[in-house]
Amino acid sequence: MISSIRSYFPQRLSWIPTSRPPHEYFELAGKLLLKHEIPLSEEQISHLVSTSVLTKVDSFERHYFGPRCRRCGNQQAHFFATMPHASCGRDCTYCRYCIQMGRVLACEPIYIGSSNVKWPAPAHPCAWEGTLTPAQEMAADELVTLVQSGGGERLVWAVCGAGKTEMLFPAITKALQQGKRICLATPRTDVVRELLPRMKTAFPQVGVQALYGDSPDKRGNAPFLLATTHQLYRFAHAFDVMIIDEVDAFPFHNDPSLHFVSQRAAKPEAAVIYLTATPRKKQKRKIRYKKLPVTFIPRRFHGHPLPVPQLKLTPTLHRSLKKGELPTRILKSIAEQNLTHRQLLLFLPSIKKAEEIARFLLEEGYDVKAVHAEDTDRAEKIAAFRKKEYRMLVTTTILERGVTFPSVDVFVIDAGHAVFDEAALVQIAGRAGRSHEDPSGNVIFYHIGKTDEMLDAVDAILYMNRLGEKG
Amino acid sequence: MRCVICFEEILPEVTWSTFYKPVEEKKMCSTCASKNEKITVPGCTACFRMDSKGLCRDCLQWQKTSPGVLDGNKSVYAYNAFAKDFVARWKYRGDYVLLEALQEEIQKGLTGDREKQAVYVPLSEEREKERGFNQSKAIIQAAGLQPVSLFQRKHSEKQSKRKKRDRMEAENPFTLIETSPDPVLIVDDIYTTGRTVRHMASLLKAGGCPSVSSFTIFR
Ligand SMILES: [Zn+2]
Ligand SMILES: [Zn+2]
Ligand SMILES: [Zn+2]
């Protein structure tokens, strides 16, 4: 993958200092920061600059096509603007592409911290006592080899519920034992939040930290970090092992800037691991042409096949949705579903529709809550659903991946909508049957006409199940 | 052209009139423009509050506590969800160029006030350095007027925040450097309670300024 990104972003990372003097400022190790983001005084900063622990670098490169932001890699002219800058008294260029992470201005350098700190090398960092399935173990061995050799990349293509996280444990253990630094990055905040307690339990001594937009801890001074890919804007040559989970997910897959920063965050000699359940065409092509070594796991950890979605034609669906209601046919299935022991996940194509339908179902007397991207209580509501504090969760594609509940049925309302592409539908279907105790579940796509995306999703699931049977 | 707010490509509308005249460059796409609510009929004639008939409750209160201080406020847009997001991006993240999206309407909103002294709200040195620009000055410049400096801030904004609320409300955070013999228009981004502009207006009036009104983008 990284080599294909090079065509967008020709590798010009020579500005990252290669001399890395040793130091003990863990908070600065491998960081790329604006001055006000450095938690030190003016004097301390200039002292660290004089000893090359911090290196000052121009924030923009000048090219014939215009500037290029070194923090985010942006070089498109319409993402730059100028402002009369009060501090320098001149018209100053700034980058609008990465401004949500703090404004980068032409007159203000960025600071790069030497990654050369001594991370602890615990002998037995992993407290996980479970066992891997033979398929998981095979993958785990390949990843351990990659980490040990250092340098190189591998894609792990594992179906939803294959147990990707556990599969990483041996490689993470090996890296920690060798005093290496690891980052597990993913495009989705919910996935980071979900992974943090699991990783903390598995690696209790290393002080795993999570970084995301509003994470309580922003220091990023641990040897093992979980982060949203956006947080990688603040790293340069920091990690020996870089794991990118859900490589095919929005916004990572269609944002070249995030590819650029995840490449920059890894050391040149790093081991890079990509994880996906639903690779995009580009990734599949690279696998086919053997440009990217792949580990393939078509079987869930409990050995049962993936639930295959049923497609149900519901001609009155759009008419009902317009009124903020559901057709009687769907209501009837919901009523029947509510008599079972499983909870129900209901996917709607937009935030507005999710809220309307949640309100409608509440009026119908159901025990229901809505969760979406603009929801400030999202994390609490997800946690409460997992604890079975309510029966039905109405949501959008924000919960299509990474988030697991032990025993749910899944209904997709208006599955033909453009937001539900093949990857999204496969991921959504993958929410069902996740536990040993309840390894199956009903997945129903309600639609007003089959789309290619729906049919491709079903084909992909059937294909995986066939491969899984053989393995 | 791309929308200065959402970066979407703006397709120029070609009609018979644009066929002969050069197309006006739009800064904002129609989707973004539709989320921005223009104040067409102000409810309260004194402060441009939308959801009120005649003088609003706040203005009636001001009439009692500080009569004759501010001779009226004009605003262009309602402070809705879009506006909140706009202010967060423009002022707090410092995306200066966003203001271009509203420039045309700001200029229209200021017709009839262009002869007045356009006075800006000062920031503390610390805050101005952090933000890189003064939002009130930027609006005046966007309108094509000359920003006039008549005030200074007593403390930094952070210091005054730390103080007890009631003291902060009572204390005037500004000092007047120079008064104006001509009518003054105080320009700012938002009119919320009207306290900030009244702090400034009271000093001007005490200094003998004949008329003080205010203009904000959002109300
Ligand atoms: Zn940038
Ligand atoms: Zn500058
Ligand atoms: Zn727009």
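Hydrogens, waters and symmetry mates are skipped; everything else that's a heavy atom, side chains included, is used.
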Worksheet item: Any idea which of A/Q100, A/R96, A/R103 has the most non-hydrogen atom pairs under 4.5 angstrom with chain B?
Response: A/R96
Discussion item. Please report the interatomic distance CD(B/E125) to OG(A/S87), rounded to the nearest 0.5 Å.
Written reply: 10.0 Å
Item to complete: Just jot down the salt bridge (Lys or Arg N to Asp or Glu O under 4.0 Å) partners of A/E42, sequence neighbours excluded, or say none.
Response: A/K35
Discussion item. Does A/K56, at its NZ atom, have more than 12 non-hydrogen atoms belonging to other residues, nucleotides or ligands within less than 6.0 Å?
Written reply: no
Practice prompt. Using the side chain to side chain contact (heavy atoms under 4.5 Å, CB included) rule, pick out the option among B/R2, B/E9, B/M1 that qualifies with A/H78.
Written response: B/R2
Discussion item. Heavy-atom count check: over 12 atoms from other residues, nucleotides or ligands less than 6.0 Å from A/R90 CZ?
Written reply: no
Fill in: Which residues share a ring-ring contact (aromatic ring centres under 6.0 Å, His included) with A/F79, sequence neighbours left out
A/Y97, B/F7
Response to the item:
Contacts of B/E178 meeting salt bridge (Lys or Arg N to Asp or Glu O under 4.0 Å) (sequence neighbours excluded), chain-then-number -> none
Worksheet item: Which of residues 83-97 of chain B get closer than 4.5 angstrom to chain A, counting heavy atoms alone?
Response: B/R89, B/R93, B/G94, B/D95, B/Y96, B/V97
Discussion item. Distance check, rounded to the nearest 0.5 Å: A/H85 atom NE2 versus B/K129 atom NZ?
Written reply: 9.0 Å
